2 protein chains.
Amino acid sequence: MNTPLDTSRDRPFSQTLRRLKDAGLRPTRQRLALGKLLFDAGDRHVTAEQLHAEAGSKGIKVSLATIYNTLNQFTESGLMREVVVAPGRSYYDTNTEDHHHFFYEDDGSLKDIPHDAIALSAMPDAPEDAEVARVDVIVRLCRAVDNQSQ
Amino acid sequence: MNTPLDTSRDRPFSQTLRRLKDAGLRPTRQRLALGKLLFDAGDRHVTAEQLHAEAGSKGIKVSLATIYNTLNQFTESGLMREVVVAPGRSYYDTNTEDHHHFFYEDDGSLKDIPHDAIALSAMPDAPEDAEVARVDVIVRLCRAVDNQSQ
DNA sequence: GGGTTGTTTGGAACAGTTCCAAACTATTGA
DNA sequence: TCAATAGTTTGGAACTGTTCCAAACAACCC
């Protein structure tokens, strides 16, 4: 009952399906399920372990190795981005636009900084024979202990 | 033959000795040697493995565990700073001033960005109940492939 | 359907870091 | 100067996060 071009009432997986196809990745059960978790809920920041736990808790059976494979493939094909904020674990971000991050040191969570809320006024020249691949700004936050002092 | 207050011709270790004392760390053979490597050569960025190799190649016998202990203690007492740029390894920086970094993705090396070469014009408000602990800017560089195109 | 190729999987392997208990060393005070 | 004490170092085991591997499996194409 859908016209062929109707995208307004996609079946559950078609958004992810499209992304996978465009990226040249086979739409397997695992990739579809993980893609749905990742892309259907707005901007997300996950570690491999977190995603694995989340999938498990929703009854999706995926091995940890596949989680790593998938996150890396998604990143390589530009569907996600890696964010380096803490030693010892990698975060993956579903927002691939040019943007920066708040990092809560207390609980290890990440939050996008609205694009227009930050700007670099002076940019250093890249040294000779090198070019800027990307600029990352990380604003590290800690829980305010006391709002009254000062 | 030195006057007690003469600091102009320090013995080899006295600069590091002073730092250790001020930080409340016992000036052991290992800490003095590592401190000398780290602080006598201007601003440095090292990983534990690198420092271990460097010490080894200079005939300083220190275990890797001690390298880690020392870098962590130096960092806790404000003598150094940790810089997070790549997943899987920690860099330690002898420059504790407020500054940012170039990171060469090709060879994993770090370089300070001159303090006045970069500036954040707009700073996002920290969310309620959190405060900014630090802002890190990392300019990721890759080797320019070709200077002629464009 | 059947062959081909790409994917998933559990477990082993790895890298970087921390932990541990025993040996050692700087410091302190008598 | 020496002994007692408290802090430090050490090798190796343990741990964490990630990658590798070969076998089983699933998607794709004709």
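Letters A, B, ... mirror the listed sequences (proteins, then strands); counts begin at 1. Worth saying up front: this structure is predicted, and the values here are computed from it rather than measured.
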| message | Whole angstroms only, please: what is the CZ-C1' distance between Phe74(A) and dT7(C)? | response | 13 Å
| query | Between Arg31(A) and Arg26(A), is there a donor-acceptor pair closer than 3.5 Å when you use the side chain of the first and the backbone of the second? | reply | yes
| query | Lys21(A) has an atom NZ; how far is it from atom P of dG6(C), in whole Å? | reply | 17 Å
| message | Between P on dT27(C) and CG on Leu17(B), what's the gap in Å once rounded to a whole number? | response | 9 Å
| note | Residue set satisfying ring-ring contact (aromatic ring centres under 6.0 Å, His included) with His101(A), at least two apart, ordered chain then number -> His45(A), His99(A)
| Transitive ILVMFWY cluster of Leu120(A), excluding itself - 4.5 Å side-chain cut-off | Phe102(A), Tyr104(A), Ile113(A), Ile118(A), Met123(A), Val132(A), Val135(A), Val137(A), Val139(A), Leu141(A), Phe102(B), Tyr104(B), Ile113(B), Ile118(B), Leu120(B), Met123(B), Val132(B), Val135(B), Val137(B), Val139(B), Leu141(B)
| Reading nucleotides 3-19 of chain D 5' to 3', which nucleotides get B (base under 4.0 Å from a protein heavy atom), which S (sugar-phosphate only), which -? | ---BSSSBB-----SBB
| request: Spell out, as yes or no, whether a donor-acceptor pair under 3.5 Å connects the side chain of Arg89(B) to the backbone of Ala48(B). | output: no
| query | When the distance from CG of Leu20(B) to P of dT27(C) is rounded to whole Å, what number comes out? | reply | 11 Å
| request: Taking Thr94(A) for its side chain and Arg44(A) for its backbone only, find out whether a donor-acceptor pair lies under 3.5 Å. | output: yes
| said: If we ignore hydrogens and angles and just use 3.5 Å, is the side chain of Arg81(B) paired with the main-chain N or O of Asp98(B) as donor and acceptor? | reply: no
